[in-house]
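Worksheet: one structure, shown below.
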2 protein chains.
Amino acid sequence: MKAKPLNADSSTEEKIKAAARKLFTQQGFAAVRTRDIASEAGINLALLNYYFRSKEKLFEIIMLENLGHFFQGVAIIVNDEKTSFYKKIELLVDFYVTRLLNNPDVPLFVLNEARNNPQKLPMQFNLMDSFFMKQFFTEVKAGKVKAMNPGHLLINIMGLSIFPFAAKPMIQRVRGISDKEYESLMIERKKLVPEWIKSMLEVKK
Amino acid sequence: MKAKPLNADSSTEEKIKAAARKLFTQQGFAAVRTRDIASEAGINLALLNYYFRSKEKLFEIIMLENLGHFFQGVAIIVNDEKTSFYKKIELLVDFYVTRLLNNPDVPLFVLNEARNNPQKLPMQFNLMDSFFMKQFFTEVKAGKVKAMNPGHLLINIMGLSIFPFAAKPMIQRVRGISDKEYESLMIERKKLVPEWIKSMLEVKK
DNA sequence: CCTGAAGTTAAACAAATGATTAAAACAAAA
DNA sequence: TTTTGTTTTAATCATTTGTTTAACTTCAGG
């Protein structure tokens, strides 16, 4: 018997996964060669197949991890019965912006993957059945927020939170700003996006 | 001497471009094989190189076309001195939604390309120097719209207009709606997005 | 020290892929 | 019809790429 890795992060398996995560997330499945992964990980090419059988199997693991980044946590937020409707919006935006500041390539990866293999998207947690949606309808009925197709609400929250990350290079190019300035713009949005969503939902008299 | 193509659309060159446009836009450079393009176009493989020298040269042509779809027209709208600030927002949103309903794959293509080759993005027309931006600052100074970093305004207009197309498969999956329902949701947004932007900009007393 | 399983390596393989070639088909002009 | 330049084709080439093989190393347990 043998204690597998003394240090989990320096194990060969983990080195390959880290390299694959970086390259697949940045460039997508088709653009990455197995040799790129091996050299990025600093390991022999054959070890990739030894540990993960194939490029596709390895990609699938990375994909599930990235989808997790994207969807995990959201389910918890939207189904918490103790937080208010607007509080949930704040938490959702904060969650996305915070997460994506550390994983800026994940949005494009997930959007691409969603288009290439829509059937692989996790269907389990249905946003439409969430407590968040129930709260939305309650607020609408009470005349406290404007009525709208709930799809629009979701698209708006996600669009305002996620799009700036998917479009980061384009935004930086058009506006000519540095990474630092871009980051502080995103941090500002944690506070601003919920306020904007609130304005959208305000009932005009 | 010979009159090149009797019918421009049925010329070999145009058939190749049409096939390449479809495949590159849907799947990106790395995922498309030259043989896929040839078979989609119904032509001999060698003709691709005969007309376009290489896969890369052909891709560059498609990329410039798609970037054109994305940026052309915008310059005209934002620099028109005759339309009001809010009218421009209406025109921008309508322009994007209308265009993208017919080219739903273009946003992801452009976002990917912007990340892979940011230096190739057209820099020529600087949105920040546009008449639209001048109007924005005028409105702010007059106390008619809320002050904010203009980057946020651009991100919000584009995010609310473009994101739902980039995320189409994900939205359809999460909401479980058909292409038809999705389309009418997008058409609704032509009217709603400008209203929402207006709410965001409203000065609270 | 010996054994055997797990880990690692260089080399090789077969298929895929972008590109080229040389010959054939075609069409217009002479 | 013959000629000439253009377009199209099947076949081939040289690399690249995902995967496998077989030999070598490492090291814990007997």
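The basis for the numbers below is simple: all heavy atoms, side chains too, and nothing from hydrogens, waters or symmetry mates.
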Whole angstrom value for the distance that separates P of dT17(C) from CG of Leu58(B)
17 Å

Compare side-chain N and O positions of Thr12(A) against OP1 and OP2 of dG7(C) and report whether any pair is under 4.0 Å apart.
no

At their closest point, which heavy atom of Val145(B) faces which heavy atom of Phe85(B), and how far apart are they?
CG1-CE2, 4.4 Å

note: Asn44(A), atom CG; dT25(D), atom P; distance rounded to Å ~ 14 Å

Between the protein and nucleotides 14-18 of chain D, which nitrogen or oxygen pairs are less than 3.5 angstrom apart?
| unit_1 | atom_1 | unit_2 | atom_2 | d |
| --- | --- | --- | --- | --- |
| dT17(D) | OP1 | Arg33(A) | NH1 | 2.5 |
| dG18(D) | OP1 | Lys55(A) | NZ | 3.0 |
| dG18(D) | OP2 | Thr34(A) | N | 2.7 |
| dG18(D) | OP2 | Thr34(A) | OG1 | 3.0 |
| dG18(D) | N7 | Arg35(A) | NH1 | 2.8 |
| dG18(D) | O6 | Arg35(A) | NH2 | 3.0 |

Roughly how many Å is it from CZ in Phe59(A) to P in dT19(D), rounded to a whole number?
14 Å

Starting at CD1 of Ile43(B) and ending at C1' of dT7(D), how long is that distance when rounded to a whole Å?
12 Å

On the 0 to 90° scale, with breaks at 30° and 60°, tag the Phe29(B)-Phe59(B) ring pair as parallel, tilted or perpendicular.
perpendicular

Any side-chain N or O of Tyr50(A) below 4.0 angstrom from OP1/OP2 of dG7(C)?
yes

Are any of the side-chain nitrogens in Arg175(A) or Glu181(A) under 4.0 Å away from the carboxylate oxygens of its partner?
no

Does the side chain of Asn156(A) come within less than 4.5 Å of Val193(B)'s, by heavy atoms?
no

Over all heavy atoms of both residues, which pair between Asn79(A) and Ser130(A) is shortest? Give the atoms and the distance, please.
OD1-CA, 3.3 Å

Strictly below 4.0 Å: does Tyr51(A) bring a side-chain N or O up to OP1 or OP2 of dT8(C)?
yes

So Phe52(A), base contact, sugar-phosphate only, or nothing? Heavy-atom distance under 4.0 Å.
nothing

N/O donor-acceptor pair under 3.5 Å between Arg33(A) side chain and Ala31(A) backbone:
yes

What pairs meet the side-chain hydrogen bond (donor to acceptor under 3.5 Å, both in side chains) rule with one or both residues in residues 86-115 of chain A, with sequence neighbours excluded?
Thr83(A)-Lys88(A), Lys88(A)-Gln135(A), Asp94(A)-Thr98(A), Thr98(A)-Lys190(A), Asn112(A)-Asn112(B)

Please write out each protein N/O paired with an N/O of nucleotides 21-24 of chain C under 3.5 Å, distance rounded to 0.1 Å.
none

Figure out the CG/C1' separation between Leu47(A) and dA23(D), and round it to whole Å.
15 Å

Whether the Asn116(B) and Gln27(A) side chains hold a donor-acceptor pair (N or O, under 3.5 Å, no angle test) is what I'd like checked.
no

Salt bridge or not between Glu14(B) and Arg21(B)? Use side-chain N to carboxylate O under 4.0 Å.
yes

Atom CG of Leu48(A) and atom P of dT21(D): how far apart are they, to the nearest Å?
16 Å

